[in-house]
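What follows is a set of notes on a single structure, which appears directly below.
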Amino acid sequence: MNQNIQEPIFLHDTQTGGKVELRTIESGKVGIYCCGPTVYGLTHLGNTRAAVVPDVIVRFLRHQGYEVKYVRNLTDIDDKIITLGREEGIESAAVAEKFINAYHEDLAGLNMVQPDVEPRVSEHIPHILELVGTLIDKGLAYEVDGDVYYRVRRFKTYGKLSHRSLDEMLEGAGSRIEVDERKESPLDFALWKSVKPGEPSWESPWGPGRPGWHIECSAMSSTHLGDSFDIHCGGRDLIFPHHENEIAQSQGAHGVDSFARFWVHNGFINFDGEKMSKSLGNFFTTRQITALYDTETVRYFLLTVHYRSGLNFELEVTCPACGGLLNKTEQDSGLCPSCGNQATVEELKGRVRFPGLEEADDRLAYIYSTLAKARTFLSTAKRPGNEDPVLDSVAEMVSGFVAHLRNDFNTGGALGVLSKPLGEINGLLASGKGVGKATRWLTIESFVSGMEELAGIFGCFGQDPETWLRSRRDGKAARNGLDIQRVEALLVERQEVRAAKNWEAADRIREELTDLGVGVQDGPEGSNWSFL
RNA sequence: GGCGGCAUAGCCAAGUGGCUAAGGCGACGGUCUGCAAAAUCGUUAUCCCCAGUUCGACUCUGGGUGCCGCCUCCA
C-alpha cells in the first residue's frame with residue numbers, strides 16, 4: 001500500500017459534467033456518502049451494482065493511501081415500506097428489518113468492505129427535525145397543515161446538478177402529476193409529512209409525522225461526514241430529484257459552499273435494452289443470480305464495464321431438444337422453430353443461461369486456474385539464487401491496472417491489463433523455454449504477489465484458487481444434477497484403458513463424459529475434468 | 001416538449017488530436033496432444049452520417065440520424 005499519495009486521481013463529476021482531479025477537503029482523507037437502498041424488497045442486480053461501484057472506489061482510495069470514511073445509509077422509513085407493512089399486516093419497522101437483513105446477506109457474499117457507518121433514517125429523526133427547523137427559520141421552507149415543504153424558488157442554484165432550470169421544470173410540472181394546491185410552487189417538495197391514520201409517526205414542532213424522501217440523506221451525511229464532504233455516490237436515477245433536493249436542503253441549511261464536492265453516478269443495468277428496475281418489474285434479484293453463479297463471478301461481471309456505462313444483462317434460452325437459440329416469442333410458447341419440439345415451462349427454465357455471467361465465470365476460472373498453477377510451481381520449483389528481471393508485462397501489471405483506476409475508476413480498462421501477463425504466465429508455466437530460470441521463477445512470483453495486491457483493490461482473485469475452483473465445479477455439478485461419483489469412476493476406467501493405449505475405449509468413455517456435459521483434460525499427471 | 005448520456009470489429013467493450021485503435025467472447029490457422037480438451041501463438045476494425053477547425057480527428061466544433069435515461073417511485 002502506498003503510504004504517500006503521489007499520483008492524482010481523476011473522476012467524472014456529474015455537476016461539472018467533466019473529468020476533474022480529486023482534491024479532497026482534508027489532504028489524504030476522503031469522506032464518501034453512498035445512497036443505500038430503500039428497504040422494501042430484495043435487492044436486485046442494479047442495487048448491487050450501486051453498492052459494488054463505491055466499494056471499489058473505497059478500496060482503491062485506501063490502496064492509494066487515503067484515509068477513507070465510508071458512509072452508506074439505509075432508508076428504513078418510506079411510503080413503500082409502510083404500504084408493504086400494511087398489506088402484510090406487520091409493523092413497517094419489521095418490514096425494514098427483514099429487508100435490511102436480506103440486503104446484508106446478499107452483499108456479504110459479494111465481498112464488500114463494511115461501511116464505516118451504516119446509518120438509518122429511523123435513528124436520525126432528531127437531526128432531521130433540526131434540519132427542517134433551520135430551513136424554516138431561513139425562509140427556505142414553510143409549513144402547511146402539519147406538512148413542511150421546501151421553497152424551491154428561494155434556492156438560487158436549484159437545478160445545478162441535473163442541469164435544468166426552474167422555468168423549464170415549471171413548464172413540465174403538472175403535466176404528469178397532480179399538483180398539491182397547498183404548495184406555493186408545484187416544484188416544492190416535502191421535508192416533513194403529517195401523519196395519516198395507521199402510519200408510523202414521530203413528534204415534531206409541526207405535529208406528528210415522518211420525514212419526506214431526500215431530507216434523510218442531508219441529515220445523515222452531515223451527521224457522519226460533516227456539512228461538507230468529498231464524494232457522493234448513487235445511481236444515475238437519483239440525480240433528479242433526490243440529489244438535487246439534497247443539495248438544496250444541505251446547502252440551504254449549511255451554506256452554499258457546503259455539501260458534496262464530487263458527484264459520482266453509476267449507470268444502469270439494462271435488461272432487453274431497457275433499464276432494469278423495480279417499477280418496470282423486469283429485474284432479477286441478486287439472490288436469484290447468486291443461486292446460479294458464484295458470488296465472485298457476479299461481482300466480476302458487474303465490474304467488467306465502466307461504472308458510468310449501462311451494463312447489458314442478457315438471457316438466453318435454448319431448445320431442450322436441439323439446442324437451438326429461442327427468441328422471445330419462442331421462449332413464451334416453448335415451440336422450437338428448427339426442430340418443432342414443444343417444451344414445457346419447467347424444461348425451459350432449465351435451459352436459461354446468462355451469457356455475460358457465463359463469460360465472467362469462465363474468465364474468473366481462467367484467472368484462478370492460472371493462479372493455482374503458479375502457486376504450485378512456486379512451491380515445487382526452487383527459488384533461484386540470482387536476481388534476473390521479471391518480464392515486462394508482469395512487472396507493469398499492477399501499475400497499469402492502477403493507472404486505469406486512477407482514470408475515473410475504469411475497471412473495464414484495468415481488467416484488460418491482465419490479459420497479457422496471464423498469457424505469459426501460462427506460457428512460462430507450460431515451458432521454461434527461451435527464458436532464464438531466474439526470470440521464470442521471479443516473474444511467476446511477481447505475478448502471484450501482484451494479483452494479491454490487485455485482489456485488495458478489486459475484491460476478486462483473493463480466494464484460495466483451488467478452493468474457489470473446486471466450489472465452482474461442485475456448485476455447477478449440484479445445479480446440473482451431475483453425478484460426480486460416476487464421473488470419477490469413468491475417469492478411473494478411462495485412465496486404465498489409456499495406460500493400455502486402448503485409444504478406442506478411451507475415446508468412447510470420453511464421449512460418454514461429453515454427454516454428461518463434462519470435458520476431459522489429459523495431462524502428464526493424469527486427467528482433469530471440467531464443465532463444457 | 002425540456003434536459004442529460006451514448007453510437008468503436010460478428011457480439012461485448014477500453015482508449016487517444018498524430019506512433020501497431022486495449023482486452024474479452026466467437027471464428028479461422030499453427031504449436032502442444034495418441035486424438036482431443038485445456039494452455040499457448042497468429043489472423044480477424046479505421047471508430048453512425050454530413051460539414052467545419054487543424055499540417056493532421058475516431059478523438060475538438062456545428063448539424064443530422066438512431067438508441068437510452070431523467071423530468072412521477074426508482075441504484
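None of the values given here were measured: they were computed from a predicted structure. Every chain is numbered from 1, with letters handed out A, B, ... down the list of sequences.
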Practice item. Quick one: sort the A:Phe458 and A:Phe401 rings into parallel, tilted or perpendicular, breaks at 30° and 60°. Key: perpendicular
Practice item. If the plane angle is over 60° it's perpendicular, under 30° parallel, otherwise tilted; pick one for A:Phe354 and A:Tyr293. Key: perpendicular
Between the base of [N] and the side chain of [X], is there a donor and acceptor pair under 3.5 angstrom?
{"X": "A:Asp522", "N": "B:rC35", "answer": "yes"}
{"X": "A:Arg49", "N": "B:rA75", "answer": "no"}
{"X": "A:Ser162", "N": "B:rC70", "answer": "no"}

Phosphate-side-chain proximity, [X] and [N], N/O vs OP1/OP2 below 4.0 Å:
{"X": "A:Asn410", "N": "B:rG15", "value": "yes"}
{"X": "A:Asn312", "N": "B:rC12", "value": "no"}
{"X": "A:Lys275", "N": "B:rC70", "value": "yes"}
{"X": "A:Asn426", "N": "B:rA39", "value": "no"}

Counting side-chain heavy atoms from C-beta on, which of [options] comes nearest to [X]?
{"X": "A:Phe240", "options": "B:rC70, B:rC35, B:rC3", "answer": "B:rC70"}
{"X": "A:Tyr366", "options": "B:rG2, B:rC73, B:rU40", "answer": "B:rU40"}
{"X": "A:His163", "options": "B:rC3, B:rA75, B:rG15", "answer": "B:rC3"}
{"X": "A:Arg164", "options": "B:rG34, B:rU40, B:rC71", "answer": "B:rC71"}
{"X": "A:Asp507", "options": "B:rC35, B:rC3, B:rA75", "answer": "B:rC35"}
{"X": "A:Gln521", "options": "B:rC3, B:rC35, B:rA37", "answer": "B:rA37"}
{"X": "A:Met276", "options": "B:rC70, B:rA75, B:rU16", "answer": "B:rA75"}
{"X": "A:Asn407", "options": "B:rG2, B:rU16, B:rA75", "answer": "B:rU16"}

Check your understanding: Got a donor-acceptor contact below 3.5 angstrom from the A:Asp13 side chain to the A:Trp263 backbone?
Key -> yes
Practice item. Please confirm whether the backbone N or O of A:Leu42 pairs with a side-chain atom of A:Thr285, one donor and one acceptor, at under 3.5 Å? Key: no
Exercise for review: Whole angstrom is fine here: how far is it from CZ in A:Arg308 over to P in B:rG69?
Suggested key: 18 Å
Check your understanding: To the nearest angstrom, how far is A:Leu405 atom CG from B:rG15 atom P?
Key -> 12 Å
Exercise for review: Going 5' to 3' through nucleotides 21-29 of chain B, assign each nucleotide B (protein heavy atom under 4.0 Å from a base atom), S (under 4.0 Å only from sugar-phosphate atoms) or - (no protein heavy atom that close).
Suggested key: -BSBS----
Practice item. State whether A:Phe240 and A:Arg164 meet the cation-pi test: NZ (Lys) or CZ (Arg) under 6.0 Å from the six-membered ring centroid, and within 45° of the perpendicular axis. Key: yes
Check your understanding: Considering only the P atoms, how many Å lie between B:rC11 and B:rU46, rounded to the nearest integer?
Key -> 14 Å
Point to revise | Close approaches to RNA chain B from residues 231-239 of chain A, in residue order (heavy atom, under 4.0 Å) | key: A:Gly234, A:Gly235, A:Arg236, A:Asp237, A:Leu238
Practice item. Represent RNA chain B in dot-bracket notation, 5' to 3'. Only Watson-Crick or G-U wobble pairs with both distances under 3.5 Å count; pseudoknot-style crossings use [ ] and interstrand partners use |. Key: (((((((..(((.....[....)))((((((.......))))))...(((((..]....))))))))))))....
Review point. When all nucleic acid strands are considered with a 4.0 Å heavy-atom cut-off, which category describes A:Arg494: base, sugar-phosphate, or nothing?
Key: base
**Study point:** A:Arg287 vs A:Glu105, salt bridge (charged side-chain N to carboxylate O under 4.0 Å, His left out): CA-CA, chis, key distance, verdict
**Key:** CA-CA 9 Å; A:Arg287 49 182 66 182; A:Glu105 279 169 25; 3.2 Å; yes
**Study point:** Shortest non-hydrogen separation from A:Val152 to A:Leu187 and the atoms involved
**Key:** CG2-O, 3.4 Å
Check your understanding: Roughly how far, to the nearest 0.5 Å, is the OG atom of A:Ser277 from the CG atom of A:Asp237?
Key -> 8.0 Å
Check your understanding: salt bridge (charged side-chain N to carboxylate O under 4.0 Å, His left out) between A:Asp294 and A:Lys476: does it pass, once the steps are laid out?
Key -> CA-CA 9 Å; A:Asp294 183 87; A:Lys476 275 192 162 187; over 6 Å; no
